[in-house]
Protein chains: 2
Amino acid sequence: MTPQSFPVGEIVASRRPHRKDAARNYDALIAAAREAFAQHGAEASLEDVARRAGVGIGTLYRNFPTRRDLFESVYADEVNALVRAAAEVADREPWEALTAWLKRFTEYMVTKRAVREALDDESEIFQACRDSMYAAGGPLLDRAQAAGLARTDMDFSDLLRLVAGVLGTTFDDDVQRDRVLAIALDGVRTGG
Amino acid sequence: MTPQSFPVGEIVASRRPHRKDAARNYDALIAAAREAFAQHGAEASLEDVARRAGVGIGTLYRNFPTRRDLFESVYADEVNALVRAAAEVADREPWEALTAWLKRFTEYMVTKRAVREALDDESEIFQACRDSMYAAGGPLLDRAQAAGLARTDMDFSDLLRLVAGVLGTTFDDDVQRDRVLAIALDGVRTGG
DNA sequence: ACTGTAGCGGAGGTACCCCTCCGTTTCAAC
DNA sequence: GTTGAAACGGAGGGGTACCTCCGCTACAGT
């Protein structure tokens with residue numbers, strides 16, 4: 001309801017280097033990895049990631065000594081974007097703010113899917129990211145519930161799973177996707 | 001409504017061999033492949049599949065010359081099981097029959113997920129399987145709609161995507177999964 | 001029981017991936 | 001501009017997967 005006041009910065013201490021060329025390579029690696037993981041899942045080739053980023057394999061390993069390190073950085077990056085998105089919709093109407101944020105949540109899911117395969121659910125970073133995300137998005141559901149627009153026998157976690165699931169499937173076209181998502185959200189919505 | 005009268009047999013001409021040892025190996029390969037694909041996705045190692053099945057790699061390649069052939073057989077096998085399941089629930093109450101079948105649909109989704117990655121959506125087998133599955137499951141939704149238990153501004157395809165999506169995600173536990181699925185189906189259900 | 005053949009397993013060539021190591025390049029502080 | 005340290009790229013050793021090929025095995029029909 002008020003602009004987010006909790007920290008939206010780095011979830012884990014970012015290892016982004018200071019030198020210009022190094023920082024550029026770091027960013028290129030994160031972007032390439034997100035792309036590769038989205039396309040090939042958790043087992044994407046790291047050499048392919050380095051190729052996409054236009055850097056040598058050695059550079060990849062210096063920045064991310066293990067595959068897990070790369071996953072964590074890509075994932076944290078996505079979560080940060082999602083947290084920022086929550087602040088951006090905070091001034092809209094309750095239900096519209098919620099659904100707008102859930103739309104942005106779609107993109108996050110693509111990365112999340114691959115990351116799930118690689119990182120243990122109980123890992124520290126997952127915990128931190130979940131906290132961060134719930135702190136950012138949770139109030140959006142709270143507002144809708146307080147306004148009598150959303151059922152109260154569910155929590156934010158339920159909502160995310162529902163939306164994540166629906167958006168994680170493929171559809172004939174965008175029209176069908178929106179229709180099915182609307183049906184799912186009809187299960188969430190209450191007269192208002 | 002009446003027991004299924006359409007063919008529930010092989011969707012594609014099965015290449016299952018006649019000789020006893022060969023047939024056993026064929027079945028073991030299908031089972032091992034389903035397991036491996038569920039676990040590792042479309043890029044599971046074929047040598048691993050052969051190992052799980054307890055056969056030589058040569059045997060795998062004789063039965064399934066290409067990775068695609070193996071996928072198609074595993075997939076067709078699953079669809080056949082799903083079609084049979086529709087016949088088995090046909091004598092229950094409309095809404096209960098529908099949800100019972102959708103529960104079985106969960107298992108199918110695990111395989112489907114991997115197969116999607118490997119097979120083109122427009123492939124002949126996908127088309128045939130979809131027809132077969134819709135013919136089997138579609139009447140279950142029709143019945144529920146006719147009984148005023150399900151909204152009529154959606155079709156069977158929408159329902160499958162919705163359920164497939166929800167069940168394709170992970171949950172904290174079975175209780176949450178059932179709760180979220182119930183919310184989604186609340187969007188489908190109409191007063192009754 | 002005999003026997004022809006369908007079926008079997010796995011060795012091995014090729015290709016790709018993982019990850020380390022180190023000689024070379026590039027930055028930035030002076 | 002000089003220079004030292006940080007960063008770079010990619011060669012290369014070890015491992016695994018793909019797929020073919022062929023000598024061996026075991027089934028089924030007589």
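Just so it is clear: chains get the letters A, B, ... in the order the sequence lines come, proteins before strands, and each one is counted from 1.
- Atom-to-atom, CG of B:Asn63 to P of C:dA6 comes out at 15 Å; the value is rounded to the nearest Å.
- In this structure, A:Tyr75 and A:Phe126 have perpendicular ring planes: the angle between them is above 60°, well past the 30° mark.
- Rounded to whole Å, the distance from OH on A:Tyr26 to C1' on D:dG9 is 20 Å.
- When rounded to the nearest whole Å, the span between CG of A:Leu60 and C1' of C:dC21 equals 16 Å.
- When rounded to the nearest whole Å, the span between CG of B:Asn25 and P of D:dA26 equals 12 Å.
- The base of C:dA6 sits with one of its N or O atoms less than 3.5 Å from a complementary donor or acceptor on the side chain of B:Arg19.
- For A:Thr59, counting side-chain heavy atoms from C-beta on, the closest listed nucleotide (C:dG9, C:dC17, D:dG9) is D:dG9.
- Here the shortest heavy-atom pairing between A:Leu141 and A:Ala150 reads CD1-CB, 4.1 Å.
- Rounded to whole Å, the distance from CZ on A:Phe64 to P on D:dA7 is 13 Å.
- Closest-nucleotide positions on DNA chain C for A:Asp48 and A:Arg24 were compared, and the one nearer the 5' end corresponds to A:Asp48.
- Relative to the side chain of A:Ile57, the nucleotides D:dC27, D:dC8, C:dT20 differ in distance, and C:dT20 lies closest.
- Side-chain atoms of B:Glu47 come within donor-acceptor range of the base of D:dC19, with a qualifying N/O pair under 3.5 Å.
- Counting any heavy atom pair closer than 4.0 Å across all strands shown, B:Arg67 reaches sugar-phosphate atoms only and no base atom.
- Of the candidates C:dT26, C:dA28, D:dC19, C:dT26 carries the atom nearest the A:Asp21 side chain, counting heavy atoms from C-beta on.
- Each of B:His18 and B:Arg51 lies near DNA chain D, and the nucleotide nearest B:Arg51 is the one positioned closer to the 5' end.
- Annotation: the span from B:Thr111 atom OG1 to B:Glu78 atom CD amounts to 3.5 Å, rounded to 0.5 Å.
- Note: CG (A:Asp69) to P (C:dC18) measures 15 Å, nearest angstrom.
- With rounding to whole Å, A:Arg15 atom CZ is found 17 Å from D:dA7 atom C1'.
- When the C1' atom of D:dT16 is taken as reference, atom CD of B:Glu43 falls 15 Å away, rounded to whole Å.
- Using a cut-off of 4.0 Å between Lys/Arg side-chain N and Asp/Glu carboxylate O, A:Asp77 and A:Arg34 are scored as salt-bridged.
- Under 4.0 angstrom from either OP1 or OP2 of D:dT16 there lies no side-chain N or O belonging to B:Ser45.
- B:Ala76 and B:Cys129 get closest at one heavy-atom pair: CA-SG, 4.4 Å.
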